2 protein chains.
Amino acid sequence: MSDATTARDRRPGGRTARIRAQVLDAVRAELAEGGHEGLTVEGVATRANVHRTTVYRRWRDVGGLLADVIAAAGEIDWQPPDTGSLSGDLTALNEEIQESLLVRPSLARALMAASFHSEQAARAQTRLWADRYAQCGILVERAVERGELPARHTDARSLLMAATAPVYHHLVLQRADPDPRLPRRSAVAAVLAAAAGAFSAD
Amino acid sequence: MSDATTARDRRPGGRTARIRAQVLDAVRAELAEGGHEGLTVEGVATRANVHRTTVYRRWRDVGGLLADVIAAAGEIDWQPPDTGSLSGDLTALNEEIQESLLVRPSLARALMAASFHSEQAARAQTRLWADRYAQCGILVERAVERGELPARHTDARSLLMAATAPVYHHLVLQRADPDPRLPRRSAVAAVLAAAAGAFSAD
DNA sequence: CGGCTAGTGCGACAATTGTTGCGTTAGGAT
DNA sequence: ATCCTAACGCAACAATTGTCGCACTAGCCG
């Protein structure tokens with residue numbers, strides 16, 4: 001995958017790992033200060049007490065840095081919510097998403113912005129989404145077991161997209177003011193559609 | 001609104017208008033060649049046979065250029081589809097959206113990318129969405145008249161978001177391969193949810 | 001026609017961004 | 001302990017990006 005990981009495989013030793021840690025910490029710190037706007041290779045390198053060229057060579061660009069931060073964060077295992085009902089789970093998921101987009105700095109936002117002009121960031125984004133959706137498949141399975149959804153197979157990915165997409169759409173594309181009701185409304189709407197058989201795989 | 005429009009109001013004369021036309025044409029041309037990646041102020045200015053400084057002063061940055069292109073395009077009046085059924089209308093709308101994201105160059109994509117680091121582009125984006133949704137309100141009204149939706153008031157914006165958001169989510173955020181079925185599936189799901197009262201304003 | 005000035009052209013400049021070649025260092029291997 | 005080389009530091013460079021002051025041009029108005 002990324003150059004950083006390749007390098008780590010080839011010489012996982014103390015210095016390489018230490019510098020990676022320094023740089024990734026610096027990315028997070030810079031992100032916290034200036035948001036994804038003020039994030040620059042120069043700034044990261046300076047803060048990490050590392051030379052520009054090192055960063056350019058190992059991570060190529062800002063997108064590469066963000067991709068690596070995401071990869072490092074992916075090592076901590078995230079768990080989908082489990083509230084006892086499908087609509088509750090999806091609502092909780094949406095609230096989590098909404099918060100991740102509103103918190104400053106928003107890593108999610110930064111990754112999206114970078115993914116438009118960085119191949120590494122784009123790949124990291126795609127991969128992150130695939131993982132998340134795969135993990136959330138369990139929500140649908142549990143709902144079927146509880147009898148909340150018709151026994152016939154429901155396409156988990158479609159359902160999850162229907163539930164979560166509006167939150168992103170509202171905050172990222174429309175850039176509208178956050179609506180505290182949206183997470184629940186969107187989740188409920190998706191569940192109703194699912195109950196009506198909208199996402200049954202045919 | 002934009003500097004360009006202000007300027008045009010204050011001195012709408014031949015040269016100002018001519019240069020605006022040259023520059024906006026150049027933006028579209030550059031976009032067509034290099035996509036939203038290769039879009040640079042320098043390139044636009046050169047192609048338009050105009051000096052860099054002129055562009056910087058009137059449009060500030062790439063986002064301003066795109067915002068003005070959008071504004072100019074907004075002058076041609078777009079009409080929401082009218083197929084005779086709500087699900088048909090929403091499907092057609094989604095297919096239009098999907099095409100606008102897949103066509104090269106994608107003005108929509110470029111505007112999104114720019115909106116992350118240009119205030120003007122961000123505002124243009126927000127305004128564009130508000131206009132589109134307002135215009136699409138008629139779809140819901142017609143559906144109610146036809147008896148496709150319960151008589152009680154349905155929140156048009158929520159319904160439209162539920163229908164369209166997944167398409168953007170799929171193509172822009174997930175960057176997954178285009179799914180020719182998604183426009184219809186997503187539209188139908190939204191209609192089913194609406195029929196179940198998911199978007200009734202309370 | 002002739003003056004006024006918004007808007008443009010021009011060049012010089014500063015700041016940022018990214019690249020390259022080469023010497024040095026540190027960590028892994030024998 | 002010693003060698004080997006991946007990875008880093010460094011400096012110099014090139015390219016890009018954005019700004020500023022000033023001259024000038026063209027459209028508007030009297």
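This is a predicted model, so every value here is computed, not measured. Each chain gets a letter, A, B and so on, in the order the sequences are listed, and its residues count up from 1.
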- Message: Could you tell me how far apart B:Asp61 (CG) and C:dT16 (P) are, to the nearest whole angstrom?
- Response: 17 Å
- Message: If you apply the rule salt bridge (charged side-chain N to carboxylate O under 4.0 Å, His left out), what do you find for A:Arg20 with A:Asp68, and how did you get there?
- Response: CA-CA 9 Å; A:Arg20 181 168 113 115; A:Asp68 205 8; 2.5 Å; yes
- Query: Has the side chain of A:Arg52 got a donor or acceptor that lies under 3.5 Å from a partner of the other kind on the base of C:dG18?
  - Reply: yes
- Message: Could you tell me how far apart A:His51 (NE2) and D:dA11 (P) are, to the nearest whole angstrom?
- Response: 7 Å
- Phosphate contact (C:dG7 OP1 or OP2) by B:Thr16 side-chain N/O below 4.0 Å: no
- Under 3.5 Å, is there a donor-acceptor pair between the side chain of A:Asn94 and the main chain of A:Arg184? no
- Message: Please report the distance, rounded to the nearest Å, between CZ in A:Arg18 and P in C:dT25.
- Response: 15 Å
- Task: May I have the distance from A:Asn49 (atom CG) to D:dA7 (atom C1'), rounded to whole angstrom?
- Result: 17 Å
- Query: What about B:Arg15: does its side chain form a donor-acceptor pair under 3.5 Å with the base of C:dT8?
  - Reply: no
- Query: For the side chain of A:Arg57 and the base of D:dG9, is some donor closer than 3.5 Å to an acceptor across the two?
  - Reply: yes
- Query: Under a 4.5 Å cut-off applied to non-hydrogen side-chain atoms, are B:Ser85 and B:Glu148 in contact?
  - Reply: yes
- Check step by step if side-chain contact (heavy atoms from CB on, under 4.5 Å) holds for A:Leu66 and A:Leu107. CA-CA 8 Å; A:Leu66 286 169; A:Leu107 233 175; 4.1 Å; yes
- Item | Candidates D:dT17, C:dG27, D:dC8 - which lies nearest the side chain of A:Thr54 | D:dC8
- Note on the structure: A:His117 atom NE2 is separated from C:dG18 atom C1', nearest whole Å, by 14 Å
- Query: Rounded to whole angstroms, how far apart are CD on A:Glu42 and P on D:dG9?
  - Reply: 13 Å
- Note on the structure: Per atom distances to the B:Tyr56 side chain, the nearest of D:dA7, C:dG27, D:dG18 is D:dG18
- Query: So, is A:Thr53 close to the D:dG9 phosphate, meaning a side-chain N or O under 4.0 Å from OP1 or OP2?
  - Reply: no
- Classify the angle between the aromatic ring planes of A:Phe116 and B:Phe116 as parallel (below 30°), tilted (30 to 60°) or perpendicular (above 60°). tilted
- Message: Whole angstroms only, please: what is the CD1-C1' distance between A:Ile19 and C:dT24?
- Response: 13 Å
- Message: So if I take every side-chain heavy atom of B:Arg58 and compare against C:dT8, D:dC8, D:dG18, which nucleotide ends up nearest?
- Response: C:dT8
- Message: Could you tell me how far apart B:Arg20 (CZ) and C:dG7 (C1') are, to the nearest whole angstrom?
- Response: 15 Å
- Side chain to side chain, A:Leu171 and A:Pro178, heavy atoms closer than 4.5 Å: yes
- Task: Map every base of DNA chain D to its dot-bracket character, where paired means a Watson-Crick or G-U wobble contact with both distances under 3.5 Å and | marks a partner outside the strand.
- Result: ||||||||||||||||||||||||||||||
- Query: Taking 4.0 angstrom as the limit, do A:Arg47 and A:Asp25 come out as a salt bridge?
  - Reply: no
- Options D:dC8, C:dG18, D:dT17, nucleotide nearest the side-chain atoms of B:Thr40: D:dT17
